Amino acid sequence: RARLNSTLHPLGVQTSMNTCMSCVNWVPKKSGAMAKQRLALCELGAIYCFLPPTHSCKSHKPADETTVKAREEWLAKERK
């Protein structure tokens with residue numbers, strides 16, 4: 001499926017303006033061992049539902065630019 005506003009980040013991470021990676025509700029720091037698998041909890045979902053950074057939904061709330069950049073770097077580092 002096509003993603004709107006998608007770009008490929010220079011570090012090789014797929015980014016989008018409406019994905020979990022750029023949302024304030026996606027919380028990798030609270031996700032424990034699942035974060036090592038590049039999955040994180042969504043504060044709007046069930047406590048056992050982990051989502052990938054490329055997931056998107058209609059409840060997206062943009063995170064600040066610093067948070068998004070840090071997540072991009074973390075995801076690129078985890079990919080190696």
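Quick note: residue numbers are just sequence positions, from 1. All of these numbers come straight from a predicted model, not from anything done at the bench.
Arg38 is not listed as a side-chain neighbour of Pro52, based on a closest heavy-atom distance of 4.5 Å or more.
Sorted by first and then second residue, the salt bridge (Lys or Arg N to Asp or Glu O under 4.0 Å) pairs involving residues 55-67 (not counting sequence neighbours) form an empty list. Sorted by first and then second residue, the salt bridge (Lys or Arg N to Asp or Glu O under 4.0 Å) pairs involving residues 19-32 (not counting sequence neighbours) are Lys30-Glu43.
Residues forming a side chain to side chain donor-acceptor pair (under 3.5 Å) with Ser59 (at least two apart in sequence, or on another chain): none. Partners of Ala33 by side chain to side chain contact (heavy atoms under 4.5 Å, CB included), not counting sequence neighbours: none found.
Taking all atoms of both residues into account, the shortest heavy-atom contact from Cys23 to Arg71 is O-NH1, 2.7 Å. Taking each heavy atom of Trp74 and Ala35 in turn, the nearest pair found is CZ2-O, 3.2 Å.
With side-chain heavy atoms closer than 4.5 Å counting as contact, directly or through intermediates, Leu44 stands alone and belongs to no larger hydrophobic cluster. Taking Ile, Leu, Val, Met, Phe, Trp and Tyr as members and joining any whose side-chain heavy atoms lie under 4.5 Å apart, directly or through other members, the hydrophobic cluster of Leu39 also contains Val27, Met34, Leu41, Phe50.
Separation of atoms SG (Cys42) and CG (Leu51) is listed at 6.0 Å; rounding is to 0.5 Å. For the atom pair CH2 of Trp26 and OG of Ser31, the computed distance is 7.5 Å after rounding to the nearest 0.5 Å. If you take SG on Cys57 and CG on Asn25, they are separated by 7.5 Å, rounding to the nearest 0.5 Å. Put simply, CE on Met21 and OG1 on Thr54 are 9.0 Å apart, with the number rounded to the nearest 0.5 Å. If you take OG on Ser22 and NZ on Lys69, they are separated by 12.0 Å, rounding to the nearest 0.5 Å.
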